[in-house]
Amino acid sequence: MNAKEFHRLVWEILEPVDSSVFEVVRAQAASENDIAAVEAATGLRLPEYFAGFVGQQGNCNGLAVFAREEVWPAPKEFSVGPAWTFWRGVTLLGIDVPDLPDFASISSVHKRLVAAGVRDVLPLIKVWGDGDRFWGTHSSGAVVLVQDGEVMALDGDLKDVYAEQINDLIQRQKDMAEQLSKA
């Protein structure tokens, strides 16, 4: 898969996302030097299709999809509830540039993984509010899930993982809307 195909597939995956319910944002494209810096810092190479996606070719660095505040309010500090009620968004992580928030940074999440003992995974997808699960690529090239410090190889590729996470997000929003209507 090349960057152009990955870019097209990501936007196909996002077609069912209702813009009145969800917001989609991205940071400015990363330069080749920015990408090289992340690869040097992590010791891992970005898959070519992903490097093109976050770089000048794809211009979708740090692509976040999250529920609008008026539809699914962010939890208040010290809120208690089922875990899924905190999972309001999905992010394709990006390369550090001035307008990329730290939570969406490959470098930042990679540091967390290294601190947990996972050194050979480049994190590329995360669900908001779920600090224990990340999807990415292993140094072997395999697509993996990292959960609670454990690395599990997955069947399929990164676009399959992203499609599943976006579909799950849409379903969680519907479940949350139902829960809010009963409150």
Side-chain angles (χ1 to χ4, degrees), residues 10 13-14 16-30 34 37-38 41-42 44 46 50 53-54 60-119 121-137 143-152 154 158 161-183:
V10 164
I13 291 165
L14 293 175
V17 172
D18 181 346
S19 63
S20 69
V21 175
F22 293 99
E23 193 167 343
V24 179
V25 296
R26 64 181 180 224
Q28 68 191 45
D34 296 329
V38 167
T42 62
L44 299 163
L46 279 169
F50 199 85
F53 181 76
V54 298
C60 285
N61 188 18
L63 185 63
V65 178
F66 55 96
R68 293 183 179 279
E69 184 70 22
E70 63 273 14
V71 173
W72 184 348
K76 304 286 186 254
E77 191 171 11
F78 306 115
S79 292
V80 177
W84 68 269
T85 63
F86 296 88
W87 301 344
R88 302 176 52 244
V90 174
T91 300
L92 278 172
L93 300 174
I95 305 298
D96 295 324
V97 295
D99 65 340
L100 183 77
D102 192 50
F103 76 83
S105 162
I106 291 170
S107 298
S108 177
V109 174
H110 182 261
K111 287 176 188 170
R112 289 178 54 196
L113 291 179
V114 168
V118 178
R119 299 181 183 342
V121 173
L122 193 64
L124 300 174
I125 299 174
K126 72 178 254 184
V127 171
W128 290 27
D130 186 358
D132 296 327
R133 282 190 310 163
F134 304 95
W135 294 264
T137 54
V143 174
V144 296
L145 164 64
V146 179
Q147 185 166 358
D148 300 321
E150 297 294 319
V151 179
M152 296 161 268
L154 301 174
L158 200 63
V161 171
Y162 189 63
E164 178 180 21
Q165 294 312 309
I166 291 297
N167 288 333
D168 288 354
L169 175 62
I170 292 168
Q171 185 57 54
R172 283 193 303 273
Q173 185 280 319
K174 290 176 182 175
D175 295 344
M176 185 56 128
E178 184 177 325
Q179 187 172 359
L180 290 171
S181 73
K182 294 177 183 176

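Worth saying up front: this structure is predicted, and the values here are computed from it rather than measured. As a basis for the values below, the full set of heavy atoms in this structure was taken, side chains included, without hydrogen atoms, waters or symmetry mates.
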Show the nearest heavy-atom pair for residues [X] and [Y], with the distance to one decimal.
| X | Y | result |
| --- | --- | --- |
| Arg68 | Ser19 | NE-O, 2.7 Å |
| Leu44 | Leu122 | CD1-N, 3.6 Å |
| Leu154 | Val144 | CD1-C, 3.8 Å |
| Arg26 | Leu63 | CB-CD1, 4.0 Å |
| Pro123 | Ile106 | O-CG1, 3.5 Å |
| Phe86 | Gly81 | CE1-O, 3.5 Å |

Does Arg133 count as lying over the ring of Trp87, i.e. NZ or CZ under 6.0 Å from the six-ring centre, within 45 degrees of the axis?
yes

Side chains of Asp175 and Gln179: any donor to acceptor distance under 3.5 Å?
no

Would you compute the distance between atom NE2 of His110 and atom CG of Leu93 and round it to the nearest 0.5 angstrom?
12.0 Å

Nearest 0.5 angstrom please: Gln165 CD to Thr91 OG1, how far?
11.5 Å

Could you tell me whether the side chain of [Y] reaches within less than 4.5 Å of the side chain of [X], counting heavy atoms only?
| X | Y | answer |
| --- | --- | --- |
| Asp132 | Asp130 | yes |
| Trp135 | Lys126 | no |
| Leu14 | Ile166 | yes |
| Pro73 | Leu180 | yes |
| Ile95 | Leu46 | yes |

Side chain to side chain contact (heavy atoms under 4.5 Å, CB included) between Val21 and Gln173, worked out
CA-CA 8 Å; Val21 175; Gln173 185 280 319; 3.4 Å; yes

When you measure from the side chain of [X] to the backbone N and O of [Y], does any donor-acceptor pair fall under 3.5 Å?
| X | Y | value |
| --- | --- | --- |
| Asn61 | Gln28 | yes |
| Arg119 | Val114 | yes |
| Asp99 | Ala27 | no |
| Ser105 | Ser107 | yes |

Please check if the distance between the ring centroids of Trp128 and Phe103 is under 6.0 Å.
yes

Full working for side chain to side chain contact (heavy atoms under 4.5 Å, CB included) between Leu92 and Leu124:
CA-CA 6 Å; Leu92 278 172; Leu124 300 174; 5.5 Å; no

Looking at Glu178 and Lys174, is any side-chain nitrogen of the basic one under 4.0 Å from a carboxylate oxygen of the acidic one?
no

Would you call Glu23-Arg88 a salt bridge at under 4.0 Å N-O?
no

Worked check of side chain to side chain contact (heavy atoms under 4.5 Å, CB included) between Phe134 and Leu113:
CA-CA 9 Å; Phe134 304 95; Leu113 291 179; 3.8 Å; yes

Heavy-atom count around Gln171 CD within 6.0 Å, excluding the residue itself: above 12?
yes

Please assess Tyr162 against Ile125 for the test side chain to side chain contact (heavy atoms under 4.5 Å, CB included), listing each intermediate value before the final yes or no.
CA-CA 7 Å; Tyr162 189 63; Ile125 299 174; 3.9 Å; yes

